[in-house]
Amino acid sequence: MFCLHDYFNHFNHYPPFSFVQIIWRLARSSWILHANCNKRRVAAISALLSSVLHPSVFSDEEMHVSESASGPLKWFVGMILEEGTKSPRTIRLAALHLTGLWLLHPTILRFYIKELKLLSLHGSVAFDEDFEAELTDNHEAKIEVSCLLSVAEPGLAEAFINTELYARVSVAVLFNKLVDLARMVGSSSSIEHRNCSAALEAGKLFLLELLDSAINDKDLAKELYKKYSAIHRRKIRVWQMICVLTQFVCDDIVEQVTHCLHVSLYRNNLPAIRQYLETFAINVYLKFPSLVRKQLVPILRDHAVRPQALSSYVFISANVILHASETVRSMHLDDLLPPIIPLLTSHHHSLRGFTQLLVYKVLCKFWRPTSSEALESATLEKRCFEDLREYLAKNSDCSRLRASMEGYLDAYNPKLSATPTGIFVNRIEELEFECVPTSLMEQVLKFLNGVREDLRCSMARDLVTMKNESLRIDKQPDSQESSSIVSDINSLSARYASMDFQKKFTISKHEKQDNGVISSVGLNETLKQLLEMENEGQLVDQLLQSRLVTLDKVTTSRQSIILVASLIDRIPNLAGLARTCEVFKASGLAISDVNVTRDKQFQLISVTAEKWVPIIEVPVESLKGFLERKKCEGFSILGLEQTANSFPLDQYQFPKKAVLVLGREKEGIPVDIIHILDACIEIPQLGVVRSLNVHVSGAIALWEYTRQQRS
């Protein structure tokens, strides 16, 4: 591969226009040569990037923009990144080199805002086996990659170079280093001052571009989207990058920034995304404390704000109090705590529990306990707060809630959470989904759901006890005539005791004669009513028994296989799998969110299958536990995945009780799930294309299981 800088000395005497034309020809020729190569080798891509995008010409603005049109190097970068959307190794190597060049020449950054956004939102195949092998075994590839510029911090490249996160991690690290340059504006030489000013302006420009996309882009602005879907991922990526850009918020753009922030906070978003909005907001208000009284307090006092948004504002306010400097902390406490306290009584359970958790944290840190003697003479306000703190400390439910948080609030650091280290490096173990940690709100909801489940179980036990109670008569009559009638009533009572519902009958005082003997006429009427009730009860009982028998037949006729599709995002695939499970009478279909069954597209494809096949909600974070429970119940846990030890489908003998796990579209089954599997199965393929659609694969595997059971 030739290097452009070898020609520079030869062409130094040419006028600038001719030099640009020469670079145009060389850039186009290099691209044509690259595009006609069938293989995308690491060494070749690295050599191409280091040769065409050489530091000695990259600083020349005419190479990027010329007379309102793209220059040769900007055109070349555009072609490389366009190819990178289909070739993971190309975009990773391009990100490695480009971020190094931009750090070296920050004055050029303003021409590449669109490209920076593309790298920040990029997501593709997570692992490239050939890429790893080439870097390990190919000496030439190692040399060429080492020639590329890089902004990566120690250990970062090794951890992320072969993951889909590498492009955005590189951009995040770039801007984290540009912050240091931006802080030096006005305190350096003229040349350095130009670079520092360029770094600051580029950061502000990129931040405003991302915020504008977050509230106006058709996909990023959506409020209804599926968990773990492509839209969910893109939203996370854009807010992760916005958090990194927090330090570029300055006086001249802060109003514009907070406007976009509040628009996003008011919208419906999943907790995984809201935690990044909250971290960004906390850092903005810590940097601009005067905005707290102006913006946060009116929102907390607005009783029409939806609970989801209020939960975020309570979290933001509490952390502004907890992490503010000593000079403004007292002011924030006076402004923010009074409007937060009423939310402790909210009818919305998650907002109430969330507020209890945060208020207790604030009171413990800033409210000193008062002795009982001093409390007697204390003001009403102080006594109220002391009792509130004591209640939150000693109440068993509040204590259980705090214990379930496992020190999350103590460990939370908003400033660290807005750096590449906090967002990516500290989250390597959570690579499965965009390095997203479990948010505090998710932990609170998990706890409350557990409490509700305990309550349901308790109520169900009480209901069973109530249903099994016998029919009773409060008082016994004295006359002989009434005794025989009462004995008939008692016999009916015994028959009612065996039924599935309860009707309690009490003889009231006005039904008794003055001499204490029950009127035989009244008892005869009562007996008649009870006989009618018995006949109605028998009809209901017969109907229930008939329904139970029918359901029993449907259940027992199903095959002992459960299809697990919790890792699948796309609605057409989920709907198709539901239809397939019903056609082959699978025991159940596990998906991450049962709400998807109400989607019109799902119902159109499933053709009512969701009404017949048992659908189980198993979120991705609960998948391991679900599989382990099924293994304890005697099920074999199988995965449909291509691995080194996979059995061909036509050669595998299915056990009768089986759970079949399907992988994500593109990525397949995660490694930690594969470790749980008893066996992996693959469908033999003869063509060039490596894989089948996940719904098609599931249908083929389910038919093979059915065929074996039928024979």
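Computed over heavy atoms, backbone and side chain alike; hydrogens, waters and symmetry mates excluded.
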Check: Lys114 main-chain N/O paired with Glu209 side-chain donor or acceptor under 3.5 Å
no
How long is the gap from CD1 on Ile316 to CG on Leu261, to the nearest 0.5 Å?
6.5 Å
How close do Arg664 and Leu567 get, heavy atom to heavy atom, and via which atoms?
CG-O, 3.0 Å
Distance in Å, Asn268 CG paired with Glu223 CD, rounded so as to fall on 0.5 Å steps
5.0 Å
Under 3.5 Å, is there a donor-acceptor pair between the side chain of Arg110 and the main chain of Thr107?
yes
Side chain proximity check, Asp219 to Tyr225, heavy atoms < 4.5 angstrom:
no
Less than 4.5 Å apart, any side-chain heavy atom of Leu121 and any of Met241?
no
Which heavy-atom pair separates Ile568 from Gly663 by the least distance, and what is that distance?
CG1-O, 3.7 Å
Validation row: Phe175, Leu116 side chains within 4.5 angstrom (heavy atoms):
yes
Which heavy-atom pair separates Ala182 from Ala199 by the least distance, and what is that distance?
N-CB, 4.4 Å
Spacing of OG belonging to Ser312 relative to CG belonging to Leu277, to within rounding of 0.5 Å
7.0 Å
Just by modelled atom types, is the Val179 backbone N or O under 3.5 Å from a matching donor or acceptor in the Gln247 side chain?
no
Correct closest heavy-atom pair for Leu220 and Ser213 would be CB-O, 3.5 Å
Is it true that atom CD of Glu82 has more than 12 heavy atoms of other residues, nucleotides or ligands lying nearer than 6.0 Å?
no
Please name the residue in the list Leu26, Val77, Ile23 that meets the side-chain contact (heavy atoms from CB on, under 4.5 Å) test with Pro72.
Ile23
Contact between Leu200 and Lys204 at the side-chain level, heavy atoms closer than 4.5 Å - yes or no?
yes
For Thr279, does its backbone N or O pair with a side-chain atom of Asn283 as donor and acceptor, under 3.5 Å?
yes
Side chains of His262 and Ile299 in contact at under 4.5 Å (non-hydrogen atoms):
yes
For residues Val257 and Leu208, determine if any side-chain heavy atom of one lies less than 4.5 Å from a side-chain heavy atom of the other.
yes
Which pair of non-hydrogen atoms, one from Lys287 and one from Thr246, has the smallest distance, and what is that distance?
NZ-O, 4.4 Å
Report the C-alpha distance between His323 and Tyr285 in whole Å, list the side-chain angles of each, state the deciding distance to 0.1 Å, and finish with yes or no for side chain to side chain contact (heavy atoms under 4.5 Å, CB included).
CA-CA 10 Å; His323 298 279; Tyr285 287 114; over 6 Å; no
So how far is it from Leu210 CG to Cys243 SG, rounded to the nearest 0.5 Å?
11.0 Å
Interatomic distance, Tyr266 atom OH to Ile215 atom CD1 [nearest 0.5 angstrom]:
14.5 Å
The test is side chain to side chain contact (heavy atoms under 4.5 Å, CB included); show your working for Leu101 and Ile108 and say whether it passes.
CA-CA 9 Å; Leu101 287 170; Ile108 305 300; over 6 Å; no
Yes or no on side-chain hydrogen bond (donor to acceptor under 3.5 Å, both in side chains) for Lys227 and Ser592, after CA distance, side-chain angles and deciding distance?
CA-CA 8 Å; Lys227 194 175 183 180; Ser592 63; over 6 Å; no
Determine whether Gln240 and Phe424 make a side-chain contact, defined as any pair of heavy atoms from C-beta on separated by less than 4.5 Å.
yes
Is the shortest heavy-atom distance from the side chain of Ile253 to the side chain of Leu207 under 4.5 Å?
yes
Report the C-alpha distance between Ile80 and Val52 in whole Å, list the side-chain angles of each, state the deciding distance to 0.1 Å, and finish with yes or no for side chain to side chain contact (heavy atoms under 4.5 Å, CB included).
CA-CA 11 Å; Ile80 283 287; Val52 178; over 6 Å; no
Please check this pair: side chain of Arg237 against backbone of Ser120, looking for a donor-acceptor N/O pair closer than 3.5 Å.
no
Please check this pair: side chain of Ser317 against backbone of Val314, looking for a donor-acceptor N/O pair closer than 3.5 Å.
no
Tell me whether the rings of His64 and Tyr112 are parallel (<30°), tilted (30 to 60°) or perpendicular (>60°).
perpendicular
Where the side chain of Thr258 meets the backbone of Glu255, is there a donor-acceptor pair that is under 3.5 Å apart?
yes
On a heavy-atom basis, which atom in Ser264 and which in Trp239 lie closest, and how many Å separate them?
OG-CZ2, 3.3 Å
Measuring from Ser87:OG to Ile45:CD1, what's the distance to the nearest 0.5 Å?
5.0 Å
Got more than 12 heavy atoms from elsewhere within 6.0 Å of NZ, Lys226?
yes
Stepwise side chain to side chain contact (heavy atoms under 4.5 Å, CB included) check, Tyr276 with Val238:
CA-CA 10 Å; Tyr276 293 111; Val238 77; over 6 Å; no
